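Down below is the structure, laid out as structure tokens.
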Amino acid sequence: MIKKIKLSLLGLFIAVGVQAQDLPKPSPYAEVMQRVGLTDITVMYSRPGVKDRVIFGGLEPFDQVWRTGANQSTKIEFTTDANFGRVDVKAGTYSIVSIPGENEWKVMLNSDLGVQEGSYKAENDVASVTVKPMESDEKTERMTFWFANVTDESADLMFAWENTIWSIPVKVEAKEIAMQNIKDEISKVENAYGLYNSSARYYLDNNQDLDQALEWSKKSVSISEKFWNVYTLSLIYEAKGDKKMAIKTAEKSLELAKAAEYQPYIKMNTDNLAKWKKK
């Protein structure tokens with residue numbers, strides 16, 4: 001009886017071990033990524049082989065929904081908004097679903113990332129494009145996606161399997177994104193002087209490292225001179241005992257405050273100059 005139990009357990013362990021093995025798959029996984037301008041476009045799919053079969057009109061019937069690959073659904077990811085076959089789509093990941101035809105195909109981007117032939121719903125399509133398939137003299141054994149004709153703002157998504165090839169143009173707005181990036185970076189620099197000033201003022205008001213406060217304050221003023229950040233700089237010079245620079249900087253802050261007609265800083269600078277010049 002014990003021997004039978006041992007043999008049964010051994011058979012179970014062998015069965016589990018075989019199931020857990022990582023074996024080559026008939027349709028291996030693949031990815032292809034292309035940067036177009038400032039947009040990364042990635043296709044994630046499995047690559048079935050022809051294996052001496054008739055593919056389109058045979059293994060994959062005409063005029064029926066196909067997940068455009070094997071195993072899990074084929075997916076495409078856009079890191080920015082894009083135009084897919086003249087249809088605008090938002091940044092994100094979508095399944096590529098298709099309906100092969102003898103004279104034309106329909107290729108859809110679908111929001112259901114787990115879509116299969118039996119679960120496809122047209123209402124989940126975010127784009128639907130009609131393409132004309134081309135016949136190639138050379139057979140492509142394993143289904144393949146790639147990108148061709150890449151420019152700063154466009155590329156062609158290419159598909160090939162057996163003797164069938166099709167392409168879909170993809171466009172992105174690289175110039176607009178680049179210009180916005182420039183504006184954002186300029187804005188960061190323009191706004192940085194306020195951060196440097198507030199940091200310097202905090203150190204000053206809380207008796208922290210005055211050398212660090214001076215460095216930040218100078219950086220704020222070097223980015224953009226304002227009556228308020230020049231005023232902070234004058235206070236730091238005075239706290240460090242540099243009366244000459246404190247007076248010179250306060251005079252500059254007073255000049256800027258008068259130009260801006262901002263009375264509180266006119267008064268504060270006038271009072272400080274009167275006090276500092278007496279010493």
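Predicted, not measured: the structure shown is a model, and the values here were computed from it.
Within 6.0 Å of atom CG in N206, more than 12 heavy atoms from other residues, nucleotides or ligands are found, so the atom counts as buried in its surroundings. By the 6.0 Å contact criterion, NZ on K51 is enclosed, its count of non-hydrogen atoms from other residues, nucleotides or ligands being greater than 12. Atom CD of E123 sits in a crowded spot, with more than 12 heavy atoms from other residues, nucleotides or ligands closer than 6.0 Å. Other residues, nucleotides and ligands contribute only 12 or fewer heavy atoms inside 6.0 Å of the NZ atom of K175. Residue Q72 qualifies as open at atom CD: its count of foreign heavy atoms under 6.0 Å is 12 or below.
Side chains of S119 and D112 form a contact here, defined as non-hydrogen atoms less than 4.5 Å apart. For the pair V32 and T42, the minimum side-chain heavy-atom distance is 4.5 Å or more. In this structure, V97 and R67 have side chains that are not in contact, with every pair of non-hydrogen atoms separated by 4.5 Å or more. Side-chain contact between V43 and L157 is present, with at least one heavy-atom pair separated by less than 4.5 Å. Within the 4.5 Å cutoff, the side chain of L59 has no heavy atoms near those of the V54 side chain. Proximity of V129 to K106: side-chain heavy atoms (C-beta onward) are nowhere separated by under 4.5 Å. Between L256 and V230, some side-chain heavy-atom pair lies under the 4.5 Å cut-off. Two residues are said to be in side-chain contact when any heavy atoms from C-beta on lie closer than 4.5 Å; K218 and L233 meet this criterion.
In this structure, a donor-acceptor pair under 3.5 Å is absent between the side chains of S234 and T249. In this model, a donor atom of one side chain and an acceptor atom of the other lie less than 3.5 Å apart for K75 and S73. Judged purely by distance below 3.5 Å, without hydrogens or angles, the side chains of T74 and T68 never pair a donor atom with an acceptor atom. No side-chain donor-acceptor contact under 3.5 Å links S136 and N163. Side-chain atoms of T232 and N197 include a donor-acceptor pair closer than 3.5 Å. In the model, D211 has no side-chain atom that pairs as donor or acceptor with a side-chain atom of Y203 under 3.5 Å. Residues N83 and D88 bring a donor and an acceptor atom of their side chains to less than 3.5 Å of each other.
In this structure, L273 and A250 approach most closely via the heavy-atom pair CD2-CB, 3.6 Å. Residues V50 and I55 approach most closely at CA-CD1, 4.0 Å, considering heavy atoms. Minimum interatomic distance between S111 and Y94 (heavy atoms only, all atoms of both residues): CA-CD2, 4.3 Å. Residues K278 and A274 share a closest heavy-atom pair of CG-O, 3.2 Å. The heavy-atom pair separating W228 from G194 by the smallest distance is CH2-CA, 4.2 Å. Nearest heavy atoms, A155 versus V36: CB-CG2, 3.8 Å.
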Would you sort out whether N71 and S27 count as a side-chain hydrogen bond (donor to acceptor under 3.5 Å, both in side chains), showing the intermediate values? CA-CA 7 Å; N71 304 328; S27 302; 4.8 Å; no
Given side chain to side chain contact (heavy atoms under 4.5 Å, CB included), test K219 with V221 step by step and report yes or no. CA-CA 5 Å; K219 188 164 289 189; V221 171; over 6 Å; no
Apply salt bridge (charged side-chain N to carboxylate O under 4.0 Å, His left out) to the pair D271 and K275, showing each step before the final yes or no. CA-CA 6 Å; D271 291 347; K275 181 171 56 176; over 6 Å; no
Dump the intermediate steps for side chain to side chain contact (heavy atoms under 4.5 Å, CB included) on L109 and F78, then the final yes or no. CA-CA 12 Å; L109 300 187; F78 304 97; 4.0 Å; yes
Please lay out, stage by stage, how Y237 and W276 fare under the test side chain to side chain contact (heavy atoms under 4.5 Å, CB included). CA-CA 11 Å; Y237 276 128; W276 296 343; over 6 Å; no
Just do the side chain to side chain contact (heavy atoms under 4.5 Å, CB included) check on L38 and V172 with the steps written out, would you? CA-CA 8 Å; L38 295 171; V172 295; over 6 Å; no
Residues T80, T39; criterion side-chain hydrogen bond (donor to acceptor under 3.5 Å, both in side chains); working and verdict: CA-CA 6 Å; T80 72; T39 303; 2.6 Å; yes
Yes or no on side-chain hydrogen bond (donor to acceptor under 3.5 Å, both in side chains) for S220 and S217, after CA distance, side-chain angles and deciding distance? CA-CA 5 Å; S220 174; S217 187; over 6 Å; no
Output, in order, the C-alpha distance, side-chain angles, deciding distance and verdict of salt bridge (charged side-chain N to carboxylate O under 4.0 Å, His left out) for E255 and K252. CA-CA 5 Å; E255 176 188 333; K252 180 62 176 179; 3.8 Å; yes
Given R142 and E162, is the salt bridge (charged side-chain N to carboxylate O under 4.0 Å, His left out) satisfied, shown in steps? CA-CA 8 Å; R142 288 204 175 271; E162 196 184 29; over 6 Å; no
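Atoms CD1 and OG1, from I76 and T93 in turn, are 9.5 Å apart once rounded to the nearest 0.5 Å. Expressed to the nearest 0.5 Å, how far CZ of R86 lies from CD1 of I168 amounts to 11.0 Å. The OG atom of S167 lies 9.0 Å from the CH2 atom of W146; values are rounded to the nearest 0.5 Å. Taking CE of M44 as the start and OG of S95 as the end, the distance is 9.0 Å to the nearest 0.5 Å. Taken to the nearest 0.5 Å, the CG atom of N110 stands 10.5 Å off from the NZ atom of K121.
Within the structure, ring pair (Phe, Tyr, Trp, His ring centres under 6.0 Å) pairs that include any residue of residues 26-49 comprise Y45-F145 (at least two apart or interchain). Among pairs with a residue in residues 239-267, those fulfilling ring pair (Phe, Tyr, Trp, His ring centres under 6.0 Å) read F227-Y262, F227-Y265, Y231-Y265, Y262-Y265, at least two apart in sequence or across chains.
Using a 4.0 Å cut-off between charged nitrogen and carboxylate oxygen, E153 and K171 do not count as a salt-bridge pair. Residues D205 and R201 are paired through a salt bridge, judged by an N-O separation under 4.0 Å between the basic side chain and the carboxylate.
Between Y193 and W216, the ring center distance fails the sub-6.0 Å criterion. You'll find the ring centres of F62 and W105 outside the 6.0 Å limit.
For T140 (side chain) and M143 (main-chain N/O), no donor-acceptor pair under 3.5 Å exists by modelled atom type. Put simply, the side chain of E135 never gets that close to the backbone of T164: no donor and acceptor are under 3.5 Å apart. With hydrogens and angles disregarded, no donor-acceptor distance shorter than 3.5 Å links the side chain of D125 to the backbone of S128.
The aromatic rings of W166 and F159 lie parallel to each other, their planes meeting at an angle below 30°, with 60° marking the opposite boundary.
For K248, the salt bridge (charged side-chain N to carboxylate O under 4.0 Å, His left out) criterion is met by no residue, not counting sequence neighbours.
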